[in-house]
Number of protein chains: 2
Amino acid sequence: MDTSSVLDLNQLRRSCASCALHELCLPAGIDGEDLKRLDATIRDKRTLDRGEALFRQGGQFHALYVVRSGSLRTFVEDASGNAQVLGFHLPGELVGVDALANDHHASQAEALERSSICELPYEHLNHLLAQMPSLQRQLMRVVSREVAAEHQHMVVMGRQPAQERMAIFLRSLSDRFARLHRDGSTLNLSMSRYDIASYLGLAVETVSRLFTRMEEAGILEVSRKAVTILRPDLLEAMCSSPRTGSKKGDAL
Amino acid sequence: MDTSSVLDLNQLRRSCASCALHELCLPAGIDGEDLKRLDATIRDKRTLDRGEALFRQGGQFHALYVVRSGSLRTFVEDASGNAQVLGFHLPGELVGVDALANDHHASQAEALERSSICELPYEHLNHLLAQMPSLQRQLMRVVSREVAAEHQHMVVMGRQPAQERMAIFLRSLSDRFARLHRDGSTLNLSMSRYDIASYLGLAVETVSRLFTRMEEAGILEVSRKAVTILRPDLLEAMCSSPRTGSKKGDAL
DNA sequence: CCCCGGCCTTGACCGAGGTCAATCCGGTTC
DNA sequence: GAACCGGATTGACCTCGGTCAAGGCCGGGG
């Protein structure tokens with residue numbers, strides 16, 4: 001059954017025009033002849049199995065990528081092999097931007113589940129950008145969105161205690177699922193606890209404990225990789241530490 | 001004497017061609033007629049005093065900026081007024097990219113000392129990009145550099161203990177000074193201890209203690225805002241925690 | 001000149017969360 | 001179905017660095 005659904009996906013991927021992500025992705029705001037040309041430069045040969053690498057740290061840069069289905073994690077490994085997860089990437093999201101600066105990848109990207117990827121060879125893309133101001137604009141907008149998201153994550157890493165980090169992480173995932181017209185309250189965490197811990201700058205044990213605590217509090221239902229948000233209101237409240245914020249009326 | 005030197009700077013700022021930052025900045029790799037056109041779109045009216053804002057969080061976006069002299073800090077403020085410093089920006093560095101995504105600034109930028117700024121009105125810039133593929137390429141490269149730097153900082157925030165954070169911070173500053181053909185070993189820290197602490201995700205007290213400890217260790221000479229790196233080798237060694245790294249020969 | 005107010009430093013204390021270690025659970029192999 | 005293995009959970013302990021509190025330093029204004 002898996003094979004057939006994958007085949008379907010590949011067949012669906014014929015044009016950006018017919019893609020469900022159209023409005024969230026690079027083609028947003030582009031149509032007609034221009035869209036056809038963008039379409040023509042996209043190579044969709046990439047399908048990745050769980051754990052397979054899209055590109056490796058230090059590897060030669062030659063394309064940008066957009067997740068079409070599934071999910072990726074990007075991370076860097078330092079000299080001694082410790083990994084730091086930089087982000088998780090859902091359909092419609094762009095990866096590989098950090099490689100343009102000096103023509104080789106500063107990070108690596110791996111599939112968290114069977115995923116399909118749109119590949120945008122950079123030389124082709126450049127020609128297109130020269131001819132399509134609207135695409136140029138949209139590309140900058142997408143990159144800017146990425147930068148803004150990373151800024152948000154720095155706030156999390158800089159100031160927030162563990163519990164707030166988890167809450168913000170889950171809320172962000174939920175929001176992104178919703179944007180994809182999926183159910184924002186039943187999350188399928190394709191990444192491991194280790195990945196989450198690394199991404200949030202915490203120990204795996206802490207992540208695990210927080211899941212349990214939030215389940216006990218009736219906010220989540222956690223079963224392995226399947227997480228259901230039962231009380232979005234409480235989750236939201238948990239995103240900002242009670243310490244900062246309100247001046248009076250702190251329950252505690 | 002201050003007034004005259006500022007006037008000089010403003011007079012120097014006539015063209016990108018004559019700018020000392022030429023090769024580090026947007027115009028890198030661009031010359032002849034194209035450079036003139038880029039020049040024409042840059043408005044250099046901006047001179048900021050210490051503490052003055054370049055743009056405010058939530059403000060309407062209309063331009064990108066490049067630091068010409070002096071330095072900036074960018075930061076976000078959450079609902080309760082706590083600030084998280086996102087970065088410090090030296091001459092030749094681009095700020096304001098996170099605002100393109102939805103047309104208003106997601107962060108704010110303030111001068112750390114008297115600074116002059118090149119302003120690139122986005123509408124003009126866009127016209128230019130449509131006509132100058134080389135500028136388009138260079139802009140993406142500069143943005144990519146910024147993204148890569150932020151990834152590096154996430155590694156710091158995610159895994160590193162306090163001492164390593166400080167060491168990496170100082171090394172990074174030193175490197176950037178050197179790139180500007182300044183002396184990389186005599187740093188002038190235009191930002192406050194509070195800014196450093198926020199940027200590194202530490203308490204001010206910790207930053208202060210680390211300065212003292214590194215001075216006692218003979219690595220630095222610290223006097224208020226003036227920091228001299230006496231032993232770059234030791235500073236470098238301090239950048240990676242001894243815990244990770246080597247497999248044998250760990251003292252302790 | 002002295003006082004005042006930021007900024008910075010130093011010391012003493014303490015708690016959130018990291019580390020270590022044991023166990024559990026679900027999936028895979030034979 | 002027994003053995004195995006990697007990921008996840010749980011508990012006990014301890015450390016790093018945050019918090020609180022008390023000066024010190026320097027620069028600016030009266």
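Below, chain A is the first sequence line, B the second, and so on; all start at residue 1.
Across B/Arg68, B/Arg145, B/Arg176, B/Arg179, a single residue satisfies salt bridge (Lys or Arg N to Asp or Glu O under 4.0 Å) together with B/Glu93, and that is B/Arg176.
Separation of the B/Tyr199 and B/His153 ring centroids falls under the 6.0 Å cut-off. Note: A/His104 and A/Phe61 fail the aromatic proximity criterion, with ring centroids not under 6.0 Å apart.
Of the candidates C/dT10, C/dT9, D/dG18, the closest approach to any side-chain atom of B/Leu202 belongs to D/dG18. Candidate nucleotides C/dC8, D/dG11, D/dG18 were compared by shortest atom distance to the side chain of A/Arg209, and D/dG11 ranks first. Proximity note for A/Lys225 (side chain, C-beta onward) versus C/dG17, D/dG18, D/dA8: the nearest is D/dA8. Checked against C/dG18, D/dG17, C/dG11, the side chain of B/Glu205 finds its nearest nucleotide in C/dG11.
At D/dT10, none of the side-chain N or O atoms of A/Ser208 fall inside 4.0 Å of OP1 or OP2 (strictly under the cut-off). Using a 4.0 Å cut-off, some side-chain N or O of A/Thr206 falls inside it from OP1 or OP2 of C/dG18.
Taking atom CZ on A/Arg165 and atom P on C/dA16, their separation rounds to 14 Å, with Å as the unit. The interatomic distance linking B/Met214 (CE) with C/dT9 (P) rounds to 13 Å, in whole Å. In this structure, B/Leu210 places its CG atom 15 Å from P of C/dC8, rounding to the nearest Å. Atom CZ in A/Phe211 sits about 13 Å away from atom C1' in D/dG7, given to the nearest Å. The separation between A/Gln160 atom CD and C/dG17 atom P is 11 Å, rounded to whole Å. Between the CZ atom of A/Arg213 and the P atom of D/dG11 there is a distance of 12 Å, rounded to whole Å. Between the CZ atom of A/Arg50 and the P atom of D/dG6 there is a distance of 14 Å, given to the nearest Å. Atom pair A/Glu216:CD and D/dT10:P shows a separation of 8 Å (rounding to whole Å applied).
Within the 4.0 angstrom heavy-atom criterion, only backbone atoms of the sugar-phosphate kind lie near A/Tyr194; the bases stay farther away. Counting any heavy atom pair closer than 4.0 Å across all strands shown, B/Ser192 reaches sugar-phosphate atoms only and no base atom.
Each of A/Arg224 and A/Ala162 lies near DNA chain C, and the nucleotide nearest A/Ala162 is the one positioned closer to the 5' end. Each of A/Arg193 and B/Ala203 was assigned the nucleotide of DNA chain D with the nearest heavy atom; the assignment lying further toward the 5' end belongs to A/Arg193.
A donor-acceptor pair shorter than 3.5 Å can be found between the side chains of A/Asp98 and A/Ser107. A side-chain donor-acceptor contact under 3.5 Å links B/Ser71 and B/Ser190.
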